[in-house]
Amino acid sequence: MIAAISSLSKEVRQYMLVTFNYWNFTVTDGALRMLVVLYFHQLGYSALEIASLFLFYEFFGVVTNLIGGWLGARMGLNRTMNTGLAMQVVALLMLAVPVSYLTVPWVMLAQAMSGIAKDLNKMSAKSAIKTLVPDGQQGALFHWVAVLTGSKNALKGAGFFIGGLLLTLIGFKGAVVAMASVLLVVLVMSLMWLDKDLGKAKQKVKFSQIFSKSVSVNILSAARMFLFGARDVWFVVALPLYLSEVFGWDHLWVGGFLALWVIAYGVVQGVAPHFTGKSRGVVPDGKAAMGWAALLAAVTALVAIGVQSGWQPGLTIIAGLLSFGAVFAINSSLHSYLIVSYAKEDGVSLDVGFYYMANAMGRLIGTILSGWIYLAFGLAACLWVSFVFLAVTTLISVWLPAHKAD
């Protein structure tokens with residue numbers, strides 16, 4: 001097997017290593033999110049208090065993506081990726097303390113570190129693809145972005161299940177220690193083999209360049225913010241608590257169900273090119289992104305109507321969640337391709353970082369609203385806010401260019 005890997009080109013080996021790093025990190029990220037939601041709900045925290053635990057996680061994701069893109073272009077993506085892995089190990093170990101020390105400020109601090117780690121890792125992985133795929137091969141670029149994005153979300157879903165399973169089998173402390181141990185091994189491998197000049201800009205990058213000057217990137221970033229706010233406003237806190245409180249599901253059932261959903265969502269992301277015209281030789285553009293956003297808004301409205309009317313709650317939630325996930329996956333995959341396509345090749349992480357800053361901002365807004373709206377008005381209200389966000393996403397997407405732009 002080692003001989004087979006050695007025979008591959010340097011670009012392919014680097015892509016495999018970047019993907020391996022990203023995969024392992026993603027499993028721990030998904031597991032940690034599920035562990036925190038379920039464990040602190042078990043300890044008696046309200047929906048709003050649980051949402052507050054993720055406040056710094058999402059806030060520092062905004063900051064990290066903005067600055068991380070500049071760091072990646074200036075220092076190299078290997079350093080930003082490895083820093084993310086190391087910080088996640090520290091964040092996990094911070095939670096391996098006696099329960100009496102797991103105060104809200106301490107958990108928020110650990111989550112802040114995890115948020116920084118996650119976005120350094122994601123920005124590095126997504127930016128690295130641009131440097132490893134020859135310019136001009138847009139079909140190949142869409143394929144590899146879709147594979148990385150889809151596999152990431154499938155593994156994040158597996159992480160949800162693993163989080164619920166580990167909480168049941170070895171408890172919260174045992175779970176975070178086990179995940180930190182695995183990531184430490186991954187970090188050592190990455191330090192040994194990841195290319196030291198990966199993604200480093202050829203020209204000196206000024207700090208003032210962290211804000212994108214590309215109109216296309218700015219419009220796509222705004223659309224992305226509302227797209228992910230629409231997902232997280234009902235998925236992050238409201239849905240797990242709804243399944244636990246209304247359906248009476250235990251930790252393993254909640255974690256397992258959401259895991260299967262995210263895995264299926266990741267699979268759809270991975271094959272998204274087949275739904276957007278690959279068989280006809282069509283590379284998607286801004287018009288395609290607008291159409292898929294409009295379809296997602298319509299699906300969300302139907303689910304909201306079903307939940308609000310109380311019609312077959314179990315069937316409505318399950319069928320609605322599957323429909324939402326499939327269409328959202330294609331939207332997300334399209335966006336992930338478009339940002340890598342729009343981004344400048346030299347210092348690609350600058351544009352990608354700015355875009356994922358908007359992504360993190362949407363998650364931050366969605367997470368806060370998820371806890372507050374669910375506590376005050378219930379799941380149906382969360383879904384209606386999601387619909388409004390998606391309507392805004394569709395409107396913004398009207399201005400996305402039909403072809404690769406500035």
Side-chain angles (χ1 to χ4, degrees), residues 28-62 91-92 94-115 118 156-157 159-168 171-173 175-176 179 228-259 261-262 317 321 360-383 385-386:
T28 68
D29 185 54
L32 181 58
R33 178 169 288 268
M34 189 55 57
L35 280 165
V36 169
V37 170
L38 295 178
Y39 183 64
F40 285 90
H41 180 57
Q42 178 182 302
L43 293 178
Y45 284 57
S46 71
L48 190 57
E49 288 172 325
I50 293 173
S52 72
L53 296 177
F54 295 102
L55 184 62
F56 281 1
Y57 176 93
E58 303 296 355
F59 173 76
F60 280 100
V62 175
L92 288 165
M94 284 179 65
L95 297 173
V97 296
V99 66
S100 59
Y101 291 98
L102 291 175
T103 61
V104 170
W106 180 256
V107 176
M108 289 179 73
L109 180 61
Q111 288 291 90
M113 187 167 291
S114 181
K118 183 261 294 184
K156 188 168 185 176
F160 284 173
F161 175 73
I162 290 170
L165 180 64
L166 290 177
L167 184 60
T168 302
F172 185 79
K173 181 177 180 179
V176 294
M179 293 191 295
F228 270 75
R231 184 196 67 177
D232 286 5
V233 73
W234 71 286
F235 185 78
V236 171
V237 176
L239 183 62
L241 296 188
Y242 182 87
L243 295 174
S244 178
E245 295 172 357
V246 177
F247 290 177
W249 290 3
D250 62 20
H251 297 160
L252 199 54
W253 272 97
V254 173
F257 176 72
L258 295 181
W261 181 82
V262 178
I317 288 294
L321 190 60
M361 180 66 78
R363 292 173 59 98
L364 172 62
I365 294 168
T367 298
I368 295 171
L369 291 178
S370 185
W372 172 61
I373 294 175
Y374 179 73
L375 185 64
F377 306 106
L379 183 63
C382 293
L383 285 161
V385 172
S386 177

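Closest approach of Val62 to Ala360, counting heavy atoms only: N-CB, 3.4 Å. Contact between Phe160 and Gly30 at its shortest, heavy atoms only, is CD2-O, 3.0 Å. Residue Gly157 comes nearest to Ala259 through the heavy atom pair O-CB, 2.7 Å, listed as atom of the first residue, atom of the second, then distance. Considering every non-hydrogen atom in both Leu258 and Leu239, the closest pair reads CD2-CD2, 3.7 Å. The two residues Leu102 and Tyr45 come nearest to each other via the heavy atoms O-OH, 3.6 Å. The minimum heavy-atom distance linking Ala91 with Ala110 is given by the pair CB-O, 3.5 Å.
A donor-acceptor pair under 3.5 Å is formed between the side chain of Thr168 and the backbone N or O of Gly164. Without hydrogens or angle criteria, Trp106 side chain to Met94 main chain gives a donor-acceptor distance under 3.5 Å.
A distance of 12.5 Å separates OG1 in Thr367 from CD1 in Ile50, rounded to the nearest 0.5 Å. Distance check: Leu32 CG to Leu166 CG gives 11.5 Å after rounding to the nearest 0.5 Å. Expressed to the nearest 0.5 Å, how far OG of Ser370 lies from CG of Asp232 amounts to 7.5 Å. For the atom pair OG1 of Thr28 and NZ of Lys118, the computed distance is 11.5 Å after rounding to the nearest 0.5 Å. Distance check, rounded to the nearest 0.5 Å: CZ of Arg231 to CZ of Arg363 gives 5.0 Å. Separation of atoms CG (Asp29) and CG (Leu92) is listed at 9.5 Å; rounding is to 0.5 Å.
At a threshold of 4.5 Å between non-hydrogen side-chain atoms, the residues His41 and Leu241 count as touching. Put simply, the side chain of Trp234 reaches to within 4.5 Å of the side chain of Leu321, judged on heavy atoms. When side chains are defined from C-beta on, Val237 does not count as touching Tyr374, because their heavy atoms never get closer than 4.5 Å. In this structure, the side chains of Val36 and Phe54 come closer than 4.5 Å at one or more pairs of heavy atoms. Within the 4.5 Å cutoff, the side chain of Leu167 has no heavy atoms near those of the Met34 side chain. The side-chain heavy atoms of Met179 and Leu35, taken from C-beta on, include a pair separated by under 4.5 Å. Side-chain atoms of Ile317 and Leu379, non-hydrogen and from C-beta on, do get closer than 4.5 Å to each other.
Taking the six-membered ring where the residue is Trp, Trp249 and Phe247 present tilted rings, their angle falling between 30° and 60°. Using a 30° and 60° split on the angle between ring planes, Phe60 and Phe56 fall in the perpendicular class, above 60°.
Residues satisfying the ring-ring contact (aromatic ring centres under 6.0 Å, His included) criterion with Phe377, sequence neighbours excluded, are absent altogether. Not counting sequence neighbours, Trp372 has no partner by the ring-ring contact (aromatic ring centres under 6.0 Å, His included) test. Residues satisfying the ring-ring contact (aromatic ring centres under 6.0 Å, His included) criterion with Phe235, sequence neighbours excluded, are Trp261.
A 6.0 Å sphere centred on CZ of Phe59 holds no more than 12 heavy atoms belonging to other residues, nucleotides or ligands.
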